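Encoded as structure tokens, the structure appears first; notes follow it.
Remember, it's a predicted structure, so these values are computed and weren't measured experimentally.
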Amino acid sequence: MGETVAGIVANPASGRDIRRLVAQASVFPTAEKANMVQRLLAAFAVTGLDRALVSTDLGGISAAVLRALGRGGSWPKVDFCEDDALTGTAADTTNAVRRMVEAGAGVIVVLGGDGTARVAAAACEDVPLLALSTGTNNAFPQMRESTVAGLAAGLIATGQIDPDLVTHRVSVLEVVTKARREIALVDVCVSLSRHIGARALWDPSSLTELYCTFAEPDGIGLSSVPGQLCPSPRSSPDGVALQLGPVGETPYVVHAPIAPGLVRPVGVRGWGLLRPGVRVELAAAGGVIALDGERELELKTGESAFVELKPDGPWVVDVRAAMAEAARKGLLRTETEPGKERRR
């Protein structure tokens, strides 16, 4: 086996949108993101990983990691993705992930929210993705201690755990317009808003259609709406589709946690299954399409778009399954010599 490589992408802008102001959403400061990267690196070292590729940023995360690297420590070799000019946009994540794929990364760990995970998923090809939550809305990323996540990722990247045993492929929603093709990991929503604006969706009164890859009763974000009406587990090949409308004009109203600290009534006209491979025309002419809770696509009057549920999304690491496999194989333990008493 050649050099073993894992990637780490940390988004400095995650958790900083308008929902922090209107919903008291949590904030992951730069220092904590940098600490999480360092905990990942420490865990990588325990697994015997040779090399870690770390994204660079304008927010101070990579700079803090570089300073810590200068102080020494038991880390694998650390290289920074410095070949692409930083833009302060999602392109930085895309470029970093592509560099990691080209370098032969066996796994890529992403620190961010749903939006960061979505961008990484579009660029990671077949490299397993482990998304850790440091954003505002976090329906897709996992709330995991980064040390444990680092152990799971490192064991996969070094080949000590077969990724086929501890990863699974998730569905995505593909949205196609005349000019663009984008994916969403959790939900696609149509809004009557005319402009992208501050991107984050925090007022559901203008929403007309909602499509979700899964819907969990304890979820956060727009997928929590079907989670209370027609729950659909992540393991299901089907998604859900909802028709929305103003409260007072619909037969159903769901009081949904559309963001941390923000529970809003959402009017629902009806719902049904969203089958894989079926293209659905969106009635979004002259409106905005939101991907994973962020207004992303503006449509001109008369411009059409469609959404399709596709089963060929990214491979996602199941940390619990990976650590269970590590325990089964005894990868993180050593045996003492028979007859020798252990020191306490």
Side-chain angles (χ1 to χ4, degrees), residues 1-10 28 31-56 61-81 96-97 99-101 103-112 117 120 124 127-134 141-168 315-338 340 342-344:
M1 185 176 183
E3 182 184 51
T4 56
V5 181
I8 302 174
V9 177
F28 277 85
E32 175 55 17
K33 293 175 185 176
N35 287 339
M36 291 177 68
V37 173
Q38 293 174 62
R39 296 200 293 270
L40 286 166
L41 292 170
F44 286 171
V46 172
T47 67
L49 186 79
D50 296 321
R51 179 178 174 225
L53 276 175
V54 179
S55 63
T56 53
I61 299 173
S62 56
V65 175
L66 180 61
R67 288 194 296 271
L69 185 63
R71 294 193 292 269
S74 299
W75 291 355
K77 180 183 178 183
V78 177
D79 291 324
F80 293 91
C81 297
V97 171
R99 293 288 182 183
M100 292 167 186
V101 173
V107 67
I108 297 174
V109 183
V110 179
L111 277 60
C124 71
V127 178
L129 194 67
L130 200 169
L132 295 179
S133 173
T134 64
Q142 303 177 33
M143 293 292 291
R144 285 280 182 184
E145 162 52 43
S146 55
T147 311
V148 178
L151 290 172
L155 291 171
I156 293 170
T158 56
Q160 297 176 73
I161 292 179
D162 184 349
D164 290 342
L165 298 178
V166 297
T167 65
H168 60 279
W315 291 93
V316 175
V317 175
D318 184 332
V319 173
R320 185 183 296 273
M323 297 307 290
E325 181 67 5
R328 187 188 71 80
K329 297 179 70 173
L331 298 177
L332 296 174
R333 67 174 183 262
T334 56
E335 301 293 334
T336 58
E337 293 183 30
K340 285 192 174 182
R342 293 182 181 180
R343 290 187 176 182
R344 296 184 180 274

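Met323 CE to Leu331 CG: the interatomic distance, rounded to the nearest 0.5 Å, is 9.0 Å. Of the inter-residue distances, the one linking Ile61 atom CD1 with Asn35 atom CG reads 10.5 Å to the nearest 0.5 angstrom. Taking OG of Ser133 as the start and CE of Met36 as the end, the distance is 8.0 Å to the nearest 0.5 Å. Atom CE of Met143 is separated from atom OG1 of Thr134 by 9.5 Å, given to the nearest 0.5 angstrom. Of the inter-residue distances, the one linking Ser62 atom OG with Ile8 atom CD1 reads 12.0 Å to the nearest 0.5 angstrom. Taking CZ from Phe44 and OG1 from Thr147, the interatomic distance works out to 11.0 Å, rounded to the nearest 0.5 Å.
One N or O on the side chain of Thr56 and one on the backbone of Cys81 form a donor-acceptor pair closer than 3.5 Å. In terms of modelled atom types and a separation under 3.5 Å, the side chain of Gln160 and the main chain of Thr47 share a donor-acceptor contact.
Nearest heavy-atom pair, Val107 versus Ala157, reported as atom, atom and distance to 0.1 Å: CG1-CB, 3.8 Å. When all heavy atoms are compared, the tightest approach of Thr167 to Pro163 is OG1-O, 2.6 Å. For the residue pair Pro76 and Leu41, the shortest heavy atom distance occurs at CD-O, 3.3 Å. Closest approach of Leu129 to Ala120, counting heavy atoms only: CD1-CB, 4.1 Å. Residues Ala43 and Gly150 share a closest heavy-atom pair of CB-C, 3.6 Å. Residues Val317 and Pro128 come closest through the heavy atom pair CG2-CB, 3.9 Å.
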Would Ile156 and Leu130 count as a side-chain contact (heavy atoms from CB on, under 4.5 Å) here? Give the steps. CA-CA 11 Å; Ile156 293 170; Leu130 200 169; over 6 Å; no

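The salt bridge (charged side-chain N to carboxylate O under 4.0 Å, His left out) analysis of residues 38-47, with sequence neighbours excluded, yields the pairs Glu32-Arg39, Arg39-Glu145.
Side-chain contact check for Leu40 versus Leu111: some heavy-atom pair is nearer than 4.5 Å. Counting only heavy atoms from C-beta outward, the side chains of Met100 and Val9 approach each other to under 4.5 Å. In this structure, the side chains of Val316 and Asp318 stay at 4.5 Å or more apart for every pair of heavy atoms.
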Cut-off 3.5 Å, no hydrogens considered: what does the side-chain donor-acceptor table look like for residues 48-55, sequence neighbours left out?
from	atom 1	to	atom 2	distance (Å)
Asp50	OD2	Thr4	N	2.9
Asp50	OD2	Thr4	OG1	3.1
Arg51	NE	Asp79	OD2	2.7
Arg51	NH2	Asp79	OD2	3.4
Ser55	OG	Ala10	N	3.2

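With a 6.0 Å radius and a threshold of 12 heavy atoms from other residues, nucleotides or ligands, Lys77 has its NZ atom at or below the threshold.
Residues that satisfy the salt bridge (Lys or Arg N to Asp or Glu O under 4.0 Å) test with Arg71, not counting sequence neighbours, are absent from this structure.
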